[in-house]
Structures are given as C-alpha cells and as structure tokens.
Amino acid sequence: MNHLSLSELCCLFCCPPCPSKIASKLAFLPPEPTYTLMCDESGSRWTLHLSERADWQYSAREKDAIECFMTRTSRGNRIACMFVRCSPNARYTLLFSHGNAVDLGQMSSFYIGLGSRINCNVFSYDYSGYGASSGKPSEKNLYADVDAAWQALRTSAPRRGVSLLEERF
C-alpha cells in the first residue's frame with residue numbers, strides 16, 4: 001500500500017503550500033499495477049496479463065470475455081479501458097468508475113461477478129497514473145479520463161452489438 005515517509009509528509013504540506021496540490025496528493029493513491037497490457041504486432045489487439053496481486057478468481061474462459069484497449073484523453077494521456085462481456089444475452093453495459101487505490105487488474109474478478117449477477121456487460125477504465133494508464137493522477141486528468149472513457153464506450157458499443165441506456169444521476 002502507499003505509506004508516506006516523514007520527508008514525503010513534509011513535502012505534502014510544505015512544498016508547495018498550494019491547497020489543490022495537497023488535495024491531489026491525498027486524494028489519488030494509485031497502487032502498484034496489478035496487470036499489464038501487451039499489444040500484438042498489428043497494434044489493434046491488446047492482451048491482458050494479470051499479476052498474482054490481481055487475485056483472479058475465475059478460469060481462462062472468463063478471462064477470454066475481457067477485451068482491453070487504450071484510448072487517449074483530451075489532456076493527452078493514454079488510459080487503459082476494459083470491456084467485460086459477462087453474459088451472452090446482456091442488453092446493457094454499465095460504465096463503472098472504480099474506487100481509489102485499486103486498478104483494473106484488481107477489479108476484473110469483481111466485474112465478472114457483478115455483470116453476471118445483474119445480467120449486463122461492464123466497461124471500466126483506469127485513471128491517469130493508475131495501472132497501464134499514462135500521466136499523473138489529478139482532478140483535471142480525472143475529468144478528462146471519465147469523458148474519454150464515456151466516448152470510447154459510446155463509439156465501441158455499436159461494434160460490439162451493445163445497447164446503451166443513458167441514465168444520469
């Protein structure tokens with residue numbers, strides 16, 4: 001986990017004394033990546049490789065239902081995206097923004113279970129600076145990440161034969 005040393009704590013509150021920087025340092029805690037994405041020779045297909053820390057609970061068959069790719073945000077970062085086809089007759093796809101201090105590798109088993117239970121597909125992404133995503137975690141990057149993920153889902157859903165139900169809460 002992310003434990004701060006005394007010097008890091010001093011830098012957190014003293015260098016620089018800017019409230020937004022302090023908030024970013026406290027709010028965003030990316031873990032060590034629990035997965036890697038490997039691109040094939042054509043550059044169009046990505047393969048998910050999970051580490052032991054990802055705690056995968058299913059078989060290879062379920063892992064084959066996971067499609068990963070990268071998309072670019074308006075701020076220039078590349079974020080990792082994961083589309084999990086949980087049920088062959090799922091009518092909808094849930095856009096899932098995971099919590100802090102986890103990445104897609106750690107969440108992948110949860111997505112399979114969630115989608116299977118509620119009969120939907122799951123689309124998720126890693127924030128800038130998390131997992132295989134580039135950039136640094138920040139509030140501005142977070143907004144760009146969410147927008148890029150939503151746009152990626154909207155453009156890729158028809159290719160996957162998936163309907164989107166747009167509900168805003």
Side-chain angles (χ1 to χ4, degrees), residues 1-2 26-40 44-74 77-139 141-169:
M1 202 60 149
N2 294 327
L26 289 173
F28 302 106
L29 301 168
E32 290 295 317
T34 62
Y35 71 97
T36 56
L37 294 179
M38 304 297 287
C39 190
D40 69 2
S44 62
R45 180 147 173 90
W46 295 84
T47 306
L48 174 68
H49 296 278
L50 297 170
S51 74
E52 285 184 19
R53 292 185 318 104
D55 194 28
W56 179 251
Q57 301 170 8
Y58 296 95
S59 70
R61 185 176 60 106
E62 284 86 2
K63 191 173 169 198
D64 290 341
I66 298 175
E67 179 185 339
C68 295
F69 62 94
M70 302 293 279
T71 192
R72 193 162 299 277
T73 72
S74 62
N77 294 324
R78 287 174 46 105
I79 59 168
C81 297
M82 178 181 281
F83 181 82
V84 184
R85 189 173 297 279
C86 301
S87 174
N89 58 352
R91 291 183 52 209
Y92 300 108
T93 297
L94 174 68
L95 173 59
F96 195 102
S97 297
H98 64 69
N100 196 4
V102 296
D103 67 8
L104 289 176
Q106 291 167 301
M107 295 299 295
S108 56
S109 285
F110 173 78
Y111 296 149
I112 295 276
L114 175 67
S116 297
R117 283 183 188 92
I118 63 174
N119 194 32
C120 73
N121 298 314
V122 178
F123 183 93
S124 191
Y125 59 97
D126 260 341
Y127 310 113
S128 295
Y130 284 66
S133 297
S134 68
K136 293 189 184 240
S138 72
E139 184 178 354
N141 282 340
L142 174 72
Y143 297 135
D145 299 343
V146 171
D147 186 55
W150 172 240
Q151 294 306 321
L153 175 57
R154 288 183 65 201
T155 58
S156 69
R159 289 193 311 257
R160 293 183 176 90
V162 174
S163 300
L164 296 177
L165 174 64
E166 292 188 40
E167 290 289 330
R168 308 243 169 143
F169 299 98

Is there a side chain to side chain contact (heavy atoms under 4.5 Å, CB included) between Leu37 and Met70? Walk through the geometry before answering. CA-CA 9 Å; Leu37 294 179; Met70 302 293 279; 3.7 Å; yes
Carefully, step by step, assess Asp40 and Thr47 under the rule side chain to side chain contact (heavy atoms under 4.5 Å, CB included). CA-CA 8 Å; Asp40 69 2; Thr47 306; 6.0 Å; no
Checking Glu67 against Arg85 for the side chain to side chain contact (heavy atoms under 4.5 Å, CB included) test, could you report, in this order, the C-alpha distance in whole Å, the side-chain angles of both residues, the deciding distance, and whether it holds? CA-CA 8 Å; Glu67 179 185 339; Arg85 189 173 297 279; over 6 Å; no
side-chain hydrogen bond (donor to acceptor under 3.5 Å, both in side chains) between Asp145 and Ser128, worked out: CA-CA 7 Å; Asp145 299 343; Ser128 295; 2.8 Å; yes
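Leu94 places none of its side-chain heavy atoms less than 4.5 Å from the side chain of Phe123. The closest side-chain heavy-atom distance from Val122 to Phe83 is not below 4.5 Å.
Considering only residues two or more places apart in sequence or on other chains, Asn89 meets the side-chain contact (heavy atoms from CB on, under 4.5 Å) condition with Ser87, Asn119. Take Tyr143 and apply the side-chain contact (heavy atoms from CB on, under 4.5 Å) test, not counting sequence neighbours, and it matches Glu139. In this structure, the side-chain hydrogen bond (donor to acceptor under 3.5 Å, both in side chains) partners of Ser124, at least two apart in sequence or on a different chain, are Tyr111. Residues satisfying the ring pair (Phe, Tyr, Trp, His ring centres under 6.0 Å) test with Trp56, not counting sequence neighbours, are Tyr58. Checked against side-chain contact (heavy atoms from CB on, under 4.5 Å), Ser133 has the following partners two or more places apart in sequence or in another chain: Ile79, Ala80, Asp126. Take Thr34 and apply the side-chain contact (heavy atoms from CB on, under 4.5 Å) test, not counting sequence neighbours, and it matches Ser51, Arg53, Ala54, Asp103, Gln106.
Ring to ring, Phe28 and Tyr130 are not that close: their centroids are 6.0 angstrom or more apart. In this structure, the ring of Tyr127 has its center less than 6.0 angstrom from the ring center of His98.
The only member of Arg61, Gln57, Glu62 that meets side-chain hydrogen bond (donor to acceptor under 3.5 Å, both in side chains) when paired with Ser59 is Glu62.
Atoms SG and CD1, on Cys86 and Ile112 in that order, are 5.0 Å from each other to the nearest 0.5 Å. Note: Leu142 CG to Thr73 OG1 = 11.0 Å, rounded to the nearest 0.5 Å. To the nearest 0.5 Å, atom CG of residue Leu104 and atom CD1 of residue Ile66 are 9.5 Å apart. A distance of 13.0 Å separates SG of Cys68 from CE of Met38, quoted to the nearest 0.5 Å.
For Asn141 against Lys136, the heavy-atom pair with the smallest separation is ND2-O, 2.6 Å. The heavy-atom pair separating Gly129 from Pro137 by the smallest distance is CA-CD, 4.0 Å. Taking all atoms of both residues into account, the shortest heavy-atom contact from Cys120 to Ala90 is CA-CB, 3.7 Å. The minimum heavy-atom distance linking Ala152 with Thr155 is given by the pair O-OG1, 3.2 Å. The heavy-atom pair separating Tyr35 from Ala132 by the smallest distance is OH-N, 2.9 Å. Closest approach of Ser108 to Gly105, counting heavy atoms only: OG-O, 2.9 Å.
A donor-acceptor pair under 3.5 Å links the side-chain atoms of Arg117 to the main chain of Gly113, judged by distance alone.
Tyr125 and Thr71 are not linked by any side-chain donor-acceptor pair at a separation below 3.5 angstrom, with hydrogens and angles left out of the test.
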